[in-house]
Amino acid sequence: MKFQFTFTGEEQLRNIEGLLDDWFKGGFPRDAVLPFRSSLLKTDDALAAASLYKRGAAGLRDDDTGKLFFPEKIPKQTEIPEPVFFETWPDFINTRFTQSHDREKTIFVLDKTLLSHHPSVARSISKTKARLFIFECTEENKNIDSLARICSEMTGGLTSVIAVGGGICCDVAALAGCLQGLRITLIPTTLLSLADAGIGGKTGINHRFAGKNQIGLFARTDEIICIHELLQSLSGDLVTDGLAEILKHSWLNGNFEKWRPAAEKLLSQPAGSAFLDADVQQLISENINFKRSVTGADPFEKNLRILLNLGHTVAHLLEALILHQKSGSGEVLKLSHGMAVLSGLKCLLENSLIGSAPDGFHQLISAILKRRNIHFPLFDLGNETQKAKDILIQDKKNRLASVSQEELRIRCVLPQYGCLNRIPDSASADKFTDACIAYILPDELIGYIKKSGIIS
Ligand SMILES: NC(=O)c1ccc[n+]([C@@H]2O[C@H](COP(=O)([O-])OP(=O)(O)OC[C@H]3O[C@@H](n4cnc5c(N)ncnc54)[C@H](O)[C@@H]3O)[C@@H](O)[C@H]2O)c1
Ligand SMILES: [Zn+2]
């Protein structure tokens with residue numbers, strides 16, 4: 001059955017949410033055949049819910065009639081568009097947007113914080129006939145309420161959405177655009193969203209108890225645009241968060257030596273000025289193209305794309321554990337995603353789990369962590385080992401291998417430096433990916449994290 005969704009209003013999304021809640025409570029895996037009752041919810045809406053559940057396009061069983069449904073996946077996007085670069089926002093609006101025929105049928109979803117740095121962006125949009133939705137981009141707002149509000153703004157014959165903002169803005173606007181069948185243009189404005197989040201078609205929102213990005217779709221992105229001027233307002237912290245994913249990419253494709261000068265410029269110069277540098281622009285462009293090539297080869301995360309999770313198993317664990325930790329002075333500790341990824345890389349390197357690093361790699365990780373004032377050990381795990389194990393087992397990315405409950409092992413991505421220097425062809429991609437993966441006992445993994453001094 002084809003995935004066909006016609007948005008009929010906020011209430012419909014509420015009903016879908018109710019079904020998703022039930023499935024999350026039931027702990028169904030992403031590829032399960034999920035139960036619903038056609039007496040309570042329309043089959044089309046239940047199919048939409050199944051496609052959104054853990055971004056899995058699961059099957060569906062109508063418990064009233066016993067009928068089974070399997071939604072067709074959204075057509076695979078083999079060619080992720082090449083990014084188009086503009087120096088300034090007026091360049092984009094004047095040369096590209098005002099000439100476009102469908103500007104009256106376009107909605108911009110704008111990141112509110114971005115707007116506080118670049119108020120002329122909203123002014124120039126209001127001079128066109130496009131619609132404008134200003135979105136307060138926080139993880140708390142990355143939820144079904146915002147999705148419903150944005151979808152409601154997209155009615156009335158619109159044909160395209162342009163998201164301008166960081167990863168949160170791009171993830172939510174693209175999901176709404178996909179549900180509404182609009183053409184999707186992303187203008188990522190953080191280094192992390194440019195180098196990583198905005199590229200590859202994953203969209204999503206958080207679920208209030210199941211967690212981050214648990215509701216979403218693989219969407220087709222029609223256009224990716226980078227506007228240098230918008231990057232000049234990035235803080236040092238936002239730059240280092242983006243650098244973390246760039247370093248991860250450099251490990252995978254073996255480009256560290258080549259990218260190092262630009263990465264060091266980003267680290268050492270005031271953020272705004274560094275983005276004007278030709279080396280930095282080249283760095284951004286090559287990162288986008290690397291992510292495009294991996295996600296284009298594996299749009300639905302069946303094999304190669306899994307390798308992009310390098311450092312993330314440890315990162316997700318630290319991010320989840322740290323939510324409840326306090327520093328010596330009683331403040332709640334904070335660890336951004338980028339810094340958690342760097343901590344994850346540090347752990348893998350110091351336990352010799354991914355082979356040896358090129359000169360300067362480890363030092364750059366340490367310099368970034370130092371710049372962000374991250375001190376190890378981050379915290380003392382104390383008697384929370386069981387909690388850490390539960391987090392590892394529940395993380396949807398940590399596919400498990402098990403012989404028995406006691407033997408549950410966590411999937412860890414352990415690639416050697418430069419392994420994706422050339423993208424393997426589709427016939428060998430499964431085998432290639434398997435060779436870069438190890439299944440590790442939760443206790444063993446926690447032991448590695450302690451051994452590298454990241455936690456005590
Ligand atoms: N879809 C994917 O494949 C994917 C991959 C990785 C991460 N993500 C998601 O992306 C999000 C993280 O993205 P992010 O790091 O961009 O975070 P973000 O969207 O929260 O942006 C960080 C902060 O920067 C502000 N901001 C945006 N552009 C700015 C600019 N030019 N100048 C100054 N401030 C600016 C935002 O308002 C926000 O306060 C997470 O929700 C994560 O789950 C998605
Ligand atoms: Zn990441």
Side-chain angles (χ1 to χ4, degrees), residues 55 80 89 109-119 121 134-143 146 163-175 178 184 186-207 211-219 221 224 226-249 252 271-272 275 287-288 291-292 294-295 298-301 305 307-316 318-319 335-345 395-397 413:
R55 234 190 256 116
I80 293 171
W89 176 262
V109 177
L110 277 191
D111 185 317
K112 192 172 174 187
T113 306
L114 173 89
L115 207 50
S116 66
H117 294 284
H118 306 272
V121 167
I134 297 172
F135 180 26
E136 191 167 347
C137 296
T138 60
E139 286 295 338
E140 295 71 43
N141 283 347
K142 193 180 179 185
N143 61 17
S146 304
V164 193
I168 294 181
C169 183
C170 292
D171 276 6
V172 183
L175 177 55
C178 182
I184 296 168
L186 299 183
I187 307 188
T189 62
T190 59
L191 189 56
L192 188 139
S193 59
L194 256 176
D196 189 5
I199 319 294
K202 272 191 191 175
T203 69
I205 53 171
N206 305 330
H207 183 263
K212 274 193 75 173
N213 302 324
Q214 292 284 337
I215 301 174
L217 290 171
F218 284 96
T221 313
I224 298 161
C226 169
I227 301 178
H228 289 299
E229 180 193 5
L230 301 183
L231 305 177
Q232 287 172 35
S233 52
L234 291 175
S235 64
D237 283 3
L238 287 173
V239 171
T240 43
D241 279 336
L243 267 177
E245 303 284 2
I246 287 176
L247 277 181
K248 176 197 78 179
H249 286 169
L252 291 169
F275 285 110
N287 266 274
I288 295 176
K291 178 102 195 250
R292 279 176 69 228
V294 179
T295 54
D298 175 27
F300 297 119
E301 203 164 330
R305 200 171 177 155
L307 302 184
L308 298 173
N309 287 327
L310 169 63
H312 280 59
T313 305
V314 173
H316 290 160
L318 296 174
E319 285 176 283
L335 188 69
S336 71
H337 176 68
M339 294 311 102
V341 170
L342 287 189
S343 306
L345 278 173
D395 187 341
K396 77 174 188 301
K397 298 241 165 168
V413 177

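Whatever order the structure lists ligands and atoms in, that order sets their numbers, starting from 1.
Under 4.0 angstrom from ligand 1, there are no non-hydrogen atoms of H337. Contacts between L230 and ligand 1, counted as non-hydrogen atom pairs separated by less than 4.0 Å, involve the backbone only. Both the backbone and the side chain of T189 come within 4.0 Å of ligand 1, counting heavy atoms alone. By the criterion of a heavy-atom distance under 4.0 Å, the side chain of N213, and not its backbone, is placed next to ligand 1. No part of K112 comes within 4.0 Å of ligand 1, judged by heavy-atom distances. Heavy atoms of E245 found under 4.0 angstrom from ligand 1: none, in either backbone or side chain.
Rounding to the nearest 10°, we obtain 100° for the angle at the Zn ion (ligand 2) between E245 OE2 and H337 NE2.
Annotation: atom 14 (P) of ligand 1 to nearest protein heavy atom, G167 N, 3.6 Å. Nearest non-hydrogen protein atom to atom 21 (O) of ligand 1 is T190 CG2, 3.8 Å. For atom 39 (O) of ligand 1, the nearest protein heavy atom (residue, atom name, distance) is T113 OG1, 3.9 Å. At the top of the distance list for atom 38 (C) of ligand 1, counting protein heavy atoms only, stands C137 O, 4.3 Å. Of the protein's non-hydrogen atoms, D171 OD2, 3.2 Å is the one closest to atom 44 (C) of ligand 1. From the protein, the heavy atom lying nearest to atom 32 (N) of ligand 1 is S233 OG, 2.7 Å. Scanning all protein heavy atoms for the shortest distance to atom 23 (C) of ligand 1 gives L238 CD2, 3.9 Å. Scanning the protein for heavy atoms near atom 7 (C) of ligand 1, the closest one is A197 CB, 3.6 Å.
Between the CG atom of L308 and the NZ atom of K248 there is a distance of 5.0 Å, given to the nearest 0.5 Å. Taking CD1 of I246 as the reference point, atom CG of L191 lies at 4.0 Å (rounded to 0.5 Å). To the nearest 0.5 Å, atoms OG (S146) and CD (E136) are separated by 9.5 Å. Rounding to the nearest 0.5 Å places NE2 of H337 at 4.5 Å from CD of E245. Taken from CZ in F218 to OG1 in T295, the straight-line distance is 10.0 Å, to the nearest 0.5 Å. Atom CG of L318 and atom OG1 of T313 lie 11.0 Å apart (nearest 0.5 Å).
N213 pairs in a side-chain hydrogen bond (donor to acceptor under 3.5 Å, both in side chains) with only one of the listed residues (H207, K142, R55), which is K142.
In this structure, of H117, E136, K142, the residue bringing a heavy atom nearest to atom 42 (C) of ligand 1 is K142.
The L114 neighbourhood of ligand 1 comprises atoms 28 (N), 29 (C), 30 (C), 31 (N), with distances under 4.0 Å to a heavy atom of that residue. Atoms of ligand 1 lying under 4.0 Å from at least one heavy atom of D111, given by number and element, are 27 (C), 36 (C), 37 (O). Counting the atoms of ligand 1 from 1 in the order shown, those under 4.0 Å from a heavy atom of E139 are 40 (C), 41 (O). Interface atoms of ligand 1 facing G166, defined by a heavy-atom separation under 4.0 Å, are 16 (O), 19 (O), 27 (C). The distance from ligand 1 to the heavy atoms of K202 drops below 4.0 Å at these ligand atoms: 1 (N), 2 (C), 3 (O).
Residues satisfying the side chain to side chain contact (heavy atoms under 4.5 Å, CB included) criterion with L238, sequence neighbours excluded, are L234, S235.
E301 has a carboxylate O that lies under 4.0 Å from a charged side-chain N of K202, or vice versa, which qualifies the two as a salt bridge.
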*Under the side chain to side chain contact (heavy atoms under 4.5 Å, CB included) criterion, do V121 and L115 qualify, and how do the steps go?*
CA-CA 7 Å; V121 167; L115 207 50; 4.1 Å; yes
*Starting from the C-alpha separation in whole Å, work towards a yes-or-no answer on side chain to side chain contact (heavy atoms under 4.5 Å, CB included) for L342 and T240.*
CA-CA 10 Å; L342 287 189; T240 43; over 6 Å; no
*Residues T113, C137; criterion side chain to side chain contact (heavy atoms under 4.5 Å, CB included); working and verdict*: CA-CA 8 Å; T113 306; C137 296; over 6 Å; no
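Here the side chain of S193 pairs no donor or acceptor atom with the backbone of G198 at under 3.5 angstrom.
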